[in-house]
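To keep things clear, I will list the structure first and then write my remarks on it.
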There are 2 protein chains.
Amino acid sequence: MKDAGPIDHQNCGECPIRHRAVCARCETDELAQLERIKYYRSFEAGQTVVWSGDRMDFVASVVSGIATLTQTLEDGRRQMVGLLLPSDFVGRPGREIAAYDVTATTDLVMCCFRKKPFEEMMLRTPHISQRLLEMTLDELDAAREWMLLLGRKTAREKIASLLAIVARRDATLKLRGVAGPLEFELPLTREAMADYLGLTLETVSRQISALRRDSVISLEGKRRVSVPDFGRLLEEAGDDSDGGYLN
Amino acid sequence: MKDAGPIDHQNCGECPIRHRAVCARCETDELAQLERIKYYRSFEAGQTVVWSGDRMDFVASVVSGIATLTQTLEDGRRQMVGLLLPSDFVGRPGREIAAYDVTATTDLVMCCFRKKPFEEMMLRTPHISQRLLEMTLDELDAAREWMLLLGRKTAREKIASLLAIVARRDATLKLRGVAGPLEFELPLTREAMADYLGLTLETVSRQISALRRDSVISLEGKRRVSVPDFGRLLEEAGDDSDGGYLN
DNA sequence: CGTGCCATTGATAGGTCTCAAATACTGTGG
DNA sequence: CCACAGTATTTGAGACCTATCAATGGCACG
């Protein structure tokens, strides 16, 4: 397990997350300032980015790959509390110590900003704090949606909800509607799904098998899922019929 | 159930939440601007402030009392996703439609700002967006703490956690440490506790009885709780020994 | 062709929910 | 001040869902 280390400097103008990340609203001169305090780091799937309780002297954007935030109880019970996709922000300005474990679940590239300069820049660059506020409010909404799932949904509904979210995001990326059959890759292991959903991995496995038996989904290999009828999946998820248009 | 209606105009300088609310960092002239777009509303315990899906043309600070944010599944299952105490902020700048039900669980006074002018003021008043960002990040941390509770804690641990949080907040308000015996009022019904914790009210009742049997707490009436040994309560909550110093 | 990780499946135990009834409390009107 | 109605809370019995413990299967990689 080695840190893949810093990679070559890259121009913000060509950055794939340029229009969605914390820098989305920045002007050219503001980007130039950011470029002076940024550096890239890469991680391999499975590596830990930071441990909860460790000092963290940067904040960062996910450029590519998937990372997770998890919390752990003394006896080892774990709960994922955030799923970080490209353009999502990691770290809290004003906080020295990481509050969560951050782990790369796939190969991961992050655009890191040295914290001190970033904080100073925030004070004089409303474009950054405005965008960060917007992103944080979105995350809060997502967290609250997740609280409903954790507190009130059955195991079957939890699985269906997770599949619906991944399917929807995948359809968005591919610029296709959610009508008609969908097919996508599940970027999480059964264990990670369990940590996300507040279940055991055995229950996750059983419910996926059940959804397959009932023809709500079908699998090719362990990770590739296809959904013949997205409306059916949403019903199984137990949400309102609109299925969370707020995201 | 009547809306107690607007109350007399009040000076921001004398406001009890002046130093903790969204206006905390505002200068005198900024307060003057806020005063022009604010109005007070009072609600009686049990009243609904807004329904999820309704148009919401204001944002607000809780001045006194307690309100809750809840989400509901089609079949009626409910999950509380936020507990709003004095100084907490309600509503999302940039959003027209309320995403959650907001309910007064005690008599409640809110300081409301007309949304449009508030949004415009945010654009030219960094003190407001900075403070709002900070508050939103705090809420996100609290939501994630709650996700751990909902996903991984037992019923007994959930109850103990809730009691610990209320006890800690009460001790803070009274400017006393958490050493020695604590006594406080529970501002929630069993049903509201159940909605908060992702349990049924019967399970809440049983676990409170169990904690009493085991001398972790004692009750006077239904709502007044005393905790002889706070450390013991924290152990029951299953948290790290520090018990969430981050809040 | 092992080795190790990930996933599936089975049997059983245990925790929480559901349904039901009794009890305590609050506020109201006589 | 008391009786009553309505709400909140407690307690019980049983069912159901998910966790736990255990074994097996499948796939990638050396």
Side-chain angles (χ1 to χ4, degrees), chain A residues 1 44-47 73 75-79 105-107 149-163 185-214 217-225 236 238, chain B residues 1 44-47 73 75-79 105-107 149-163 185-214 217-225 236 238:
Chain A
M1 299 267 276
E44 294 174 358
Q47 273 189 298
L73 253 21
D75 61 5
R77 283 174 284 174
R78 274 199 306 179
Q79 176 65 51
T105 64
T106 65
D107 288 347
L149 177 148
L150 289 171
R152 295 304 186 191
K153 288 189 178 179
T154 64
R156 184 181 175 100
E157 290 169 335
K158 286 177 174 181
I159 298 290
S161 300
L162 176 58
L163 293 176
E185 203 76 30
L186 254 183
L188 302 172
T189 65
R190 298 288 183 262
E191 187 179 20
M193 294 174 69
D195 285 345
Y196 208 148
L197 300 171
L199 297 171
T200 59
L201 68 89
E202 293 96 327
T203 298
V204 169
S205 187
R206 273 187 255 272
Q207 296 298 335
I208 288 181
S209 298
L211 288 174
R212 194 180 33 171
R213 260 200 307 282
D214 300 340
I217 59 172
S218 60
L219 296 182
E220 295 158 54
K222 304 295 181 192
R223 295 288 187 85
R224 189 146 198 86
V225 181
E236 294 286 354
Chain B
M1 297 265 277
E44 293 174 358
Q47 274 189 298
L73 254 20
D75 61 4
R77 283 174 284 174
R78 274 199 306 178
Q79 177 64 51
T105 64
T106 65
D107 288 347
L149 176 148
L150 289 171
R152 295 303 188 192
K153 287 189 177 178
T154 65
R156 184 181 175 101
E157 289 169 336
K158 287 178 174 180
I159 298 289
S161 299
L162 176 59
L163 293 175
E185 203 75 30
L186 254 184
L188 303 173
T189 66
R190 298 287 184 263
E191 188 179 20
M193 294 174 71
D195 285 346
Y196 207 148
L197 300 171
L199 297 171
T200 58
L201 68 88
E202 293 96 328
T203 299
V204 169
S205 185
R206 273 187 255 273
Q207 295 299 335
I208 288 180
S209 298
L211 288 175
R212 196 179 32 171
R213 261 199 308 283
D214 300 342
I217 60 172
S218 60
L219 296 183
E220 295 157 54
K222 302 295 181 192
R223 297 288 187 86
R224 188 144 199 88
V225 181
E236 294 286 355

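Chain identifiers are assigned alphabetically (A, B, ...) following the order of the sequence lines, protein sequences preceding nucleic acid strands; residue numbering begins at 1 within each chain.
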Closest non-hydrogen atoms of B/A45 and B/D107, given as atom of the first, atom of the second and distance, are N-OD1, 2.8 Å

Quiz prompt | Working for side chain to side chain contact (heavy atoms under 4.5 Å, CB included), residues B/T154 and B/K158 | solution = CA-CA 6 Å; B/T154 65; B/K158 287 178 174 180; over 6 Å; no

**Asked** Can you find a heavy atom in the side chain of B/D195 that is under 4.5 Å from one in the side chain of B/Q79?
**Response** no

### Query
So does A/R212 get a side-chain nitrogen or oxygen closer than 4.0 Å to the phosphate oxygens (OP1/OP2) of C/dT8?
no

Overall bend of the helix from C/dC1-D/dG30 to C/dG30-D/dC1 (five pairs an end, 10° steps) is 30°

Atom CG of B/L186 and atom C1' of D/dA8 are separated, to the nearest Å, by 14 Å

query: Do A/E185 and A/R224 sit within salt-bridge range, that is, some charged N less than 4.0 Å from a carboxylate O?
result: yes

I'd like a list of close polar pairs between nucleotides 20-24 of chain C and the protein, N/O only, cut-off under 3.5 Å.
none

Rounded to whole Å, the CG-P distance (B/L201 to D/dT7) equals 15 Å

Considering only nitrogen or oxygen atoms on both sides, find all protein atoms under 3.5 Å from nucleotides 15-18 of chain D and state each distance.
unit_1, atom_1, unit_2, atom_2, d
D/dT18, OP1, A/A155, N, 2.8

May I ask you to decide whether A/R156 forms a salt bridge with A/D214, counting only side-chain N to carboxylate O separations under 4.0 Å? yes

Taken to the nearest whole Å, CZ/B/R223 to P/D/dA8 is 9 Å

Between CZ of B/R77 and P of C/dC17 the distance, given in whole Å, is 12 Å

B/L219 atom CG is separated from D/dT11 atom P, nearest whole Å, by 10 Å

Next on the checklist: Quick check on D/dA8: is either OP1 or OP2 less than 4.0 Å from any side-chain nitrogen or oxygen of B/S205?
Outcome noted: no

With a 4.5 Å limit on heavy-atom distance, are the side chains of A/L73 and B/K153 in contact? yes

message: It should be established whether B/R206 places a side-chain nitrogen or oxygen under 4.0 Å from OP1 or OP2 of nucleotide D/dT11.
response: no

Taken to the nearest whole Å, CZ/A/R152 to C1'/C/dT18 is 13 Å

Original post:
Are any of the side-chain heavy atoms of A/T189 and A/R223 separated by less than 4.5 Å?
Top reply: yes

Separation of D/dA19 atom C1' from A/M193 atom CE, nearest Å, is 18 Å

Do A/D75 and B/R152 meet the salt-bridge criterion of a basic N to acidic O distance under 4.0 Å? no

Open item on the list: Does any part of the side chain of A/E157, heavy atoms only, come nearer than 4.5 Å to the side chain of A/L149, both counted from C-beta?
Closed with: no

Of all heavy-atom pairs linking A/Y196 and A/L150, the shortest is O-CD2, 3.7 Å

Separation of D/dG26 atom C1' from A/E220 atom CD, nearest Å, is 17 Å

* Asked: Would you say B/R212 and B/I208 make side-chain contact, with heavy atoms under 4.5 Å?
  -> no

